[in-house]
Amino acid sequence: MWGLMIICYLFMAATFILLTLTGLQGYFQFNIIQANHPQFALLSVIFYMLTETLIMFYFIGSGTAIKKTIQAGSMNANLYDNVKKTKMKLFPHLTLNMIFIGVVFILGGAVQTGRIESWIHGLLFNLAFIHFIYTSFLQHRGFKENVEILGEIANLETTTANGLHA
């Protein structure tokens, strides 16, 4: 689980770089690795969606593992309430941002065909990117809360195993 969390952080950093480059490329019209803005945006959005899906499944999987551990160890069910609170804070923003970034990418095609003005696409990208940064902070906070819950469970298991707490 720790390895997956580290991979999530690495993917988050790579996604930030890719989205930043895509935004700059859209404003200043330069190629990256011989890819124009629409081509590089496709790469960026695919990697972004992979990252966010991986993060979602990390929280789903770790939440399930925490729930099973709590049930197996007859521990206080309030620990799992903390997992649910973390998910309730994170998942709406994560889902909204995935929709937001996806819509911005699709509207990029509308700009290419002349259906909408490029400034609308640029403005929506800026809003989506700001929300992405906010969502990244929420994800980091969620990872921290998850680690704290795992620490509490480890402490409870240790004290129970040592016979200090019934």
Closest non-hydrogen atoms of Cys8 and Phe143, given as atom of the first, atom of the second and distance, are CB-CZ, 3.6 Å
Those residues that, when tested against Asn31, pass side chain to side chain contact (heavy atoms under 4.5 Å, CB included) (two or more places apart): Asn36
Side-chain polar contacts of residues 84-101 - donor-acceptor pairs under 3.5 angstrom, sequence neighbours left out - could you list them?
{"residue": "Thr86", "atom": "OG1", "partner": "Asn82", "partner atom": "O", "Å": "3.0"}
{"residue": "Thr86", "atom": "OG1", "partner": "Glu145", "partner atom": "OE1", "Å": "2.5"}
{"residue": "Lys89", "atom": "NZ", "partner": "Glu145", "partner atom": "OE2", "Å": "3.3"}
{"residue": "His93", "atom": "ND1", "partner": "His131", "partner atom": "NE2", "Å": "3.1"}
{"residue": "Thr95", "atom": "OG1", "partner": "Phe91", "partner atom": "O", "Å": "2.9"}
{"residue": "Asn97", "atom": "OD1", "partner": "Tyr48", "partner atom": "OH", "Å": "2.5"}
{"residue": "Asn97", "atom": "ND2", "partner": "Ala128", "partner atom": "O", "Å": "3.2"}
{"residue": "Asn97", "atom": "ND2", "partner": "His131", "partner atom": "ND1", "Å": "2.9"}

Which heavy atom in Leu123 sits nearest to a heavy atom in Tyr27, and how many Å separate them? N-OH, 4.4 Å
Can you give me every donor-acceptor pair (side chain of residues 54-62, partner residue at least two apart or in another chain, under 3.5 Å) with its distance?
{"residue": "Tyr58", "atom": "OH", "partner": "Asn146", "partner atom": "ND2", "Å": "3.4"}
{"residue": "Ser62", "atom": "OG", "partner": "Tyr58", "partner atom": "O", "Å": "3.0"}
{"residue": "Ser62", "atom": "OG", "partner": "Phe59", "partner atom": "O", "Å": "3.4"}
{"residue": "Ser62", "atom": "OG", "partner": "Asn146", "partner atom": "ND2", "Å": "2.8"}

Within a strict 4.5 Å, meaning less than it, do heavy atoms of the Phe125 and Ile130 side chains meet? no
If I take atom CD1 from residue Ile149 and atom CG from residue Asn78, how far apart are they, to the nearest 0.5 angstrom? 11.0 Å
Name each donor-acceptor pair under 3.5 Å that joins a side chain in residues 112-121 to protein atoms two or more places apart or in another chain, with its distance.
{"residue": "Thr113", "atom": "OG1", "partner": "Gly109", "partner atom": "O", "Å": "3.2"}
{"residue": "Thr113", "atom": "OG1", "partner": "Ala110", "partner atom": "O", "Å": "3.2"}
{"residue": "His121", "atom": "ND1", "partner": "Val104", "partner atom": "O", "Å": "3.1"}

Reported CD1-to-CD1 distance for the pair Ile70 and Ile153, which is rounded to 0.5 angstrom: 4.5 Å
Write out all pairs satisfying side-chain hydrogen bond (donor to acceptor under 3.5 Å, both in side chains) with one or both partners inside residues 100-110, taking only residues at least two apart or from two chains. none
Just to verify, what does Phe28 make a side chain to side chain contact (heavy atoms under 4.5 Å, CB included) with, not counting sequence neighbours? Leu24, Phe30
For residues 119-143, the salt bridge (Lys or Arg N to Asp or Glu O under 4.0 Å) pairs (sequence neighbours left out) are none
Crowded around Gln34 CD? As in, over 12 foreign heavy atoms under 6.0 Å? no
Here the gap from Leu150 atom CG to Thr69 atom OG1, rounded to the nearest 0.5 Å, amounts to 8.0 Å
Please table the atom pairs, donor to acceptor, closer than 3.5 Å between any side-chain atom in residues 10-19 and protein atoms at least two apart or in another chain.
{"residue": "Thr15", "atom": "OG1", "partner": "Phe11", "partner atom": "O", "Å": "2.8"}
{"residue": "Thr15", "atom": "OG1", "partner": "Thr51", "partner atom": "OG1", "Å": "3.0"}

Given side chains that start at C-beta, do those of Val147 and Trp2 come closer than 4.5 Å, heavy atoms only? yes
Kindly state each residue pair satisfying salt bridge (Lys or Arg N to Asp or Glu O under 4.0 Å) with at least one member in residues 56-68, sequence neighbours excluded. none
How about Gln139 and Glu52: does a side-chain donor come under 3.5 Å of a side-chain acceptor? yes
Between the side chain of Gln25 and the main-chain N/O of Ala35, is any donor-acceptor distance below 3.5 Å? yes
Could you pull out all residues at least two apart from Tyr9 that satisfy side-chain hydrogen bond (donor to acceptor under 3.5 Å, both in side chains)? His140
